[in-house]
Every structure is written in C-alpha cells, then in structure tokens.
Trainee: 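I'd like to ask you about the structure that follows.
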Amino acid sequence: MGRILSIDYGKKRCGIAVTDPLKIIPGGLATVDTSALMAFLDDYLRRETVERIVVGEPRQNNGEPSENYARVKSWAGQFRKLHPDIPLEFYDERFTSVLAHRAMLDGGLKKKARQNKSLVDEISATIILQDYMNSSLNS
C-alpha cells in the first residue's frame, strides 16, 4: 500500500502533505523551496511508496485559472516525464489558504506563528489532501 501525497505549489514555496500508509490520516510533511521540489520528491519517493500525487489546482473565485496555473501545469508535465508510473491529479485549491489561516486561529496559534508562510503552505497542502480524500470517499 502506498501513501497519497499532496502539494500546494507556489511560486516561491511548496507545502507538502502525506497520508499514513493506510491512507487514513493526512498530515503536513514539509515546506520546500519551489526550486528544490523535484529533488525533495525524488528523495522521498526513493524512501516511501507513494500511490498517487495530488496537486492543488490554482483557480480564481470565479473558476478561471489563476496566475500560478501555468507554472503548476508546467511543473506537473516535468514530474510526469520523470515519474510516469505515479498518477498525478489536480484538485481545486480555492480557499485553502483562507481555511489554513482559520485552522491556525482556531488552533490558538499566536500572531507570529500565523505569519509563518511556510506553515500556511504546509497546512494548505494538508487541507487539499483531506478534501481530496473526502471527495474520493463520496464518489
């Protein structure tokens, strides 16, 4: 059995989350510089079995592609060439940053911790993964 890994792909940083091997519980894994994402994943995929990768699909509130859309699609094409055996899916990431900030507030994190953009990215990736898992259960 393999894990499901999710990526909140950003221009500067990427939040990464992953499930446990039984694919029951998602959790934040790391935040890495976008320039180091492929190397990070190559290393992780050598150590862990990943069944599928879910990438947040950046869209505006009206459903149109956002400014980051082309970068995400380009990166996904490169990933697919290097790892054709691992399915890669896109999942709507609208509102994940807002939800991440809400989770931080609800969790009682102090203002300084809530300003940590790396933490926001990792929580966003976890929300993408949780939403993806919920939608898979309901389909």
Side-chain angles (χ1 to χ4, degrees):
M1 270 194 170
R3 299 171 186 267
I4 302 172
L5 184 140
S6 70
I7 301 170
D8 179 33
Y9 188 96
K11 187 176 182 180
K12 295 179 183 177
R13 290 172 314 279
C14 297
I16 302 169
V18 68
T19 65
D20 63 295
L22 296 175
K23 295 185 287 293
I24 297 171
I25 301 170
L29 178 64
T31 301
V32 298
D33 288 341
T34 299
S35 61
L37 178 60
M38 201 67 79
F40 178 89
L41 290 175
D42 288 342
D43 180 58
Y44 188 80
L45 294 171
R46 275 193 293 278
R47 294 182 283 114
E48 297 289 341
T49 303
V50 173
E51 174 180 303
R52 168 175 318 281
I53 297 202
V54 178
V55 180
E57 186 172 47
R59 296 202 170 268
Q60 298 175 43
N61 290 346
N62 65 4
E64 293 293 315
S66 76
E67 169 225 333
N68 200 33
Y69 187 86
R71 280 190 288 273
V72 171
K73 293 292 183 169
S74 174
W75 177 86
Q78 294 170 16
F79 179 85
R80 284 180 170 139
K81 284 179 186 169
L82 292 171
H83 300 281
D85 53 323
I86 301 175
L88 186 144
E89 290 183 49
F90 293 98
Y91 191 81
D92 190 343
E93 71 171 19
R94 280 180 280 183
F95 311 116
T96 55
S97 292
V98 173
L99 292 171
H101 282 287
R102 170 60 49 204
M104 293 168 85
L105 275 171
D106 291 348
L109 288 178
K110 303 277 188 227
K111 184 176 181 180
K112 184 131 177 115
R114 292 192 313 262
Q115 292 172 338
N116 179 347
K117 292 181 180 178
S118 293
L119 182 57
V120 172
D121 293 336
E122 191 173 321
I123 292 171
S124 293
T126 306
I127 291 169
I128 291 167
L129 185 52
Q130 181 68 63
D131 286 353
Y132 173 82
M133 291 170 66
N134 289 345
S135 74
S136 295
L137 289 173
N138 295 326
S139 12

Trainee: Hey, is the main chain of Val55 close enough, under 3.5 Å, to the side chain of Ser6 for a donor-acceptor pair?
Mentor: no

Trainee: In this structure, would Met38 and Val18 fall into the same cluster of hydrophobic residues linked by side-chain contacts under 4.5 Å?
Mentor: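 They do share one cluster, since a chain of ILVMFWY contacts under 4.5 Å joins Met38 to Val18.
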
Trainee: Which pair of heavy atoms, one from Asn68 and one from Gly10, lies closest together, and at what distance?
Mentor: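 Nearest heavy atoms, Asn68 then Gly10: ND2-CA, 3.9 Å.
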
Trainee: Which residue pairs satisfy the salt bridge (charged side-chain N to carboxylate O under 4.0 Å, His left out) criterion with at least one member in residues 16-37, sequence neighbours excluded?
Mentor: Lys23-Glu51

Trainee: Can you name the side-chain hydrogen bond (donor to acceptor under 3.5 Å, both in side chains) partners of Gln78, sequence neighbours left out?
Mentor: none

Trainee: At their closest point, which heavy atom of Met133 faces which heavy atom of Ile25, and how far apart are they?
Mentor: CE-N, 4.4 Å

Trainee: Among the clusters formed by ILVMFWY side chains lying less than 4.5 Å apart, do Phe40 and Leu45 turn up in the same one?
Mentor: yes

Trainee: What I'd like to find out is whether the side chain of Leu5 reaches to under 4.5 Å of the side chain of Tyr44, using heavy atoms alone.
Mentor: yes

Trainee: Go through the structure and list residues passing side-chain contact (heavy atoms from CB on, under 4.5 Å) with Arg80, not counting sequence neighbours.
Mentor: Leu88, Phe90

Trainee: For Pro65, which residues count as a side-chain contact (heavy atoms from CB on, under 4.5 Å) partner, sequence neighbours excluded?
Mentor: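 By the side-chain contact (heavy atoms from CB on, under 4.5 Å) rule, Pro65 matches Arg59, Tyr69.
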
Trainee: Check for a donor-acceptor pair, side chain of Asp121 on one end and backbone N or O of Asp8 on the other, with a separation under 3.5 Å.
Mentor: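 Between the backbone of Asp8 and the side chain of Asp121 there is no qualifying donor-acceptor contact (under 3.5 Å).
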
Trainee: Taking atom OH of Tyr91 and atom CD1 of Ile127, what is their separation to the nearest 0.5 Å?
Mentor: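 With rounding to 0.5 Å, OH (Tyr91) is 11.5 Å from CD1 (Ile127).
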
Trainee: Enter the distance from Asp131:CG to Asp92:CG here, rounded to the nearest 0.5 Å.
Mentor: 9.0 Å

Trainee: Measuring only between side-chain heavy atoms, which start at C-beta, is Leu37 closer than 4.5 Å to Ile7?
Mentor: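 A side-chain contact under 4.5 Å exists here.
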
Trainee: Rounded to the nearest 0.5 Å, what separates atom CG in Leu41 from atom SG in Cys14?
Mentor: 8.5 Å

Trainee: Measure the OG-CZ distance between Ser124 and Arg13 for me, rounded to the nearest 0.5 Å.
Mentor: 10.0 Å

Trainee: Once side-chain contact (heavy atoms from CB on, under 4.5 Å) is applied, do any residues pair with Asp43, and if so which ones, sequence neighbours excluded?
Mentor: Arg46, Arg47

Trainee: Minimum heavy-atom separation for Gly27 to Thr126, with atom names?
Mentor: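 Where Gly27 meets Thr126 most closely, the heavy atoms are C-OG1, 3.8 Å.
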
Trainee: What I'd like to find out is whether the side chain of Thr31 reaches to under 4.5 Å of the side chain of Ile16, using heavy atoms alone.
Mentor: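 Contact flag for Thr31/Ile16 side chains = no.
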
Trainee: Quick one: does Arg3's side chain have a donor or acceptor within less than 3.5 Å of a partner on Thr19's backbone?
Mentor: yes

Trainee: At what distance, to the nearest 0.5 angstrom, does CD1 of Ile86 lie from CZ of Phe79?
Mentor: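 The distance works out to 4.5 Å.
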
Trainee: Strictly by salt bridge (charged side-chain N to carboxylate O under 4.0 Å, His left out), give each pair with a member in residues 66-76 just once, sequence neighbours left out.
Mentor: Glu57-Lys73, Glu67-Arg71

Trainee: Taking the side chain as every heavy atom from C-beta outward, state whether Ile4 and Leu129 have any atom pair closer than 4.5 Å.
Mentor: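 Touching, per the 4.5 Å side-chain cut-off.
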
Trainee: Output yes when a side-chain donor or acceptor of Thr34 lies under 3.5 Å from a complementary backbone atom of Lys12, and no otherwise.
Mentor: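 Here the side-chain-to-backbone pair exists.
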
Trainee: On a heavy-atom basis, which atom in Val72 and which in Gly56 lie closest, and how many Å separate them?
Mentor: CG1-O, 3.9 Å

Trainee: May I ask you to test the His83-Ile53 pair for a side-chain heavy-atom distance under 4.5 Å?
Mentor: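 In short, these two side chains do not touch, never coming nearer than 4.5 Å.
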
